[in-house]
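Working notes, beginning with the structure itself.
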Amino acid sequence: MTETQPHEVTGPEAIARIKELVEDIDFTMLTTQDAAGNLVSRPMSTRQMDDAGDIWFFTLEDSKKVDEAEADHHVGLSYLDAKGHRYVSVSGRARAVADRAKMEELYSPSLEIWFEDGLETPGITLLRVSPVEAEFWEPRHGKLVAAAGMLKALVTKDAPDDMMDHGRVTF
């Protein structure tokens with residue numbers, strides 16, 4: 001069986017697609033490095049990927065993720081939409097940002113699950129991830145066509161024909 005390469009998407013088209021996927025998939029696994037050098041991941045809900053490419057999250061300033069991000073700003077974000085076969089990987093640099101105006105812009109009542117007193121929750125802050133590099137993979141012609149292509153590949157023992165779009169961007 002031979003392996004086929006995904007269709008490559010680059011430049012502004014890739015950046016626009018990454019933004020759309022990041023905001024649509026919502027939950028990501030944020031990976032930091034702890035003091036012992038271990039990689040630690042936890043789920044985070046994306047609030048926005050702004051026009052500058054920065055990805056924003058709410059958190060508490062005294063959390064381990066903030067401590068780890070402040071000690072080593074290099075972080076990873078992994079987005080996964082298993083049903084849609086869509087994936088995004090972001091390597092970036094994180095910083096805690098106490099910007100009340102930005103918090104008011106991004107806040108929604110659904111966050112009260114984690115922040116009982118809303119924006120008045122003691123220690124609430126933003127975590128900004130500034131991407132350095134990002135990649136995405138998704139079915140080129142929708143998930144049904146991709147599923148049919150995979151089924152065909154299983155039967156014929158041939159690699160699926162150019163089923164995936166792939167984009168890689170350096171910021």
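Here His85 contributes atom NE2 and Leu80 contributes atom CG; the two are 10.5 Å apart, rounded to the nearest 0.5 Å. Interatomic distance, Glu105 CD to Asp50 CG, rounded to the nearest 0.5 Å: 8.5 Å.
Residues Arg42 and Val40 come closest through the heavy atom pair NH1-O, 3.2 Å. The shortest heavy-atom contact between Ser41 and Thr31 is OG-OG1, 2.6 Å. In plain terms, the two heavy atoms of Pro139 and Arg86 that are nearest each other are CD-CG, 4.2 Å. Val97 and Thr125 make their closest contact through O-OG1, 3.0 Å (heavy atoms, listed as atom of the first residue, atom of the second, distance). The two residues Gly118 and Ile124 come nearest to each other via the heavy atoms O-CD1, 3.7 Å.
Counting heavy atoms from C-beta on, the side chains of Gln48 and Glu23 come closer than 4.5 Å. Using a 4.5 Å cut-off on side-chain heavy atoms (C-beta onward), Leu126 and Arg47 make no contact. Between Leu30 and Leu127 there is a side-chain heavy-atom pair separated by less than 4.5 Å. The closest side-chain heavy-atom distance from Leu119 to Arg100 is below 4.5 Å. Counting heavy atoms from C-beta on, the side chains of Arg168 and His166 come closer than 4.5 Å. Val9 places none of its side-chain heavy atoms less than 4.5 Å from the side chain of Arg17. A 4.5 Å side-chain heavy-atom check between Met44 and Lys65 finds at least one atom pair inside the cut-off.
Pairs engaging residues 112-131 under the ring-ring contact (aromatic ring centres under 6.0 Å, His included) rule: none recorded [sequence neighbours left out]. Applying the ring-ring contact (aromatic ring centres under 6.0 Å, His included) test to pairs two or more places apart or on separate chains, none has a residue in residues 15-57.
Linking ILVMFWY side-chain heavy atoms closer than 4.5 Å, directly or via other members, places Leu21 and Trp137 in two distinct hydrophobic clusters. Note: the hydrophobic cluster containing Val22 also contains Ile15 (ILVMFWY, side chain heavy atoms under 4.5 Å, direct or indirect links). Hydrophobic cluster membership is shared by Val169 and Met49, with clusters built from Ile, Leu, Val, Met, Phe, Trp and Tyr side chains linked at under 4.5 angstrom. Put simply, Val129 and Val132 are part of two different groups of oily side chains (I, L, V, M, F, W, Y) that touch within less than 4.5 Å, one to the next. Both Ile25 and Ile18 belong to a common hydrophobic cluster when Ile, Leu, Val, Met, Phe, Trp and Tyr are linked at side-chain heavy-atom distances under 4.5 angstrom.
The side-chain hydrogen bond (donor to acceptor under 3.5 Å, both in side chains) test applied to Thr121 returns no partner, not counting sequence neighbours. When the side chain to side chain contact (heavy atoms under 4.5 Å, CB included) test is applied to Ser91, no partner is found at least two apart in sequence or on another chain. Applying the side chain to side chain contact (heavy atoms under 4.5 Å, CB included) rule to Thr170 yields the partners Glu133; only residues at least two apart in sequence or on another chain are considered. Evaluation of the ring pair (Phe, Tyr, Trp, His ring centres under 6.0 Å) rule for Tyr107 yields Phe58 as partners, not counting sequence neighbours.
Surrounding CD of Glu104 are more than 12 heavy atoms belonging to other residues, nucleotides or ligands, all under 6.0 Å away. Few gaps surround CG on Asp117; more than 12 heavy atoms of other groups in view lie less than 6.0 Å from it.
Screening Asp24, Thr46, Asp26 for a side chain to side chain donor-acceptor pair (under 3.5 Å) involving Tyr79 leaves a single residue, Thr46. When Asp34, Leu39, Asn38 are each tested for a side-chain contact (heavy atoms from CB on, under 4.5 Å) with Glu68, only one passes: Asp34.
A donor-acceptor pair under 3.5 Å links the side-chain atoms of His73 to the main chain of Ala94, judged by distance alone.
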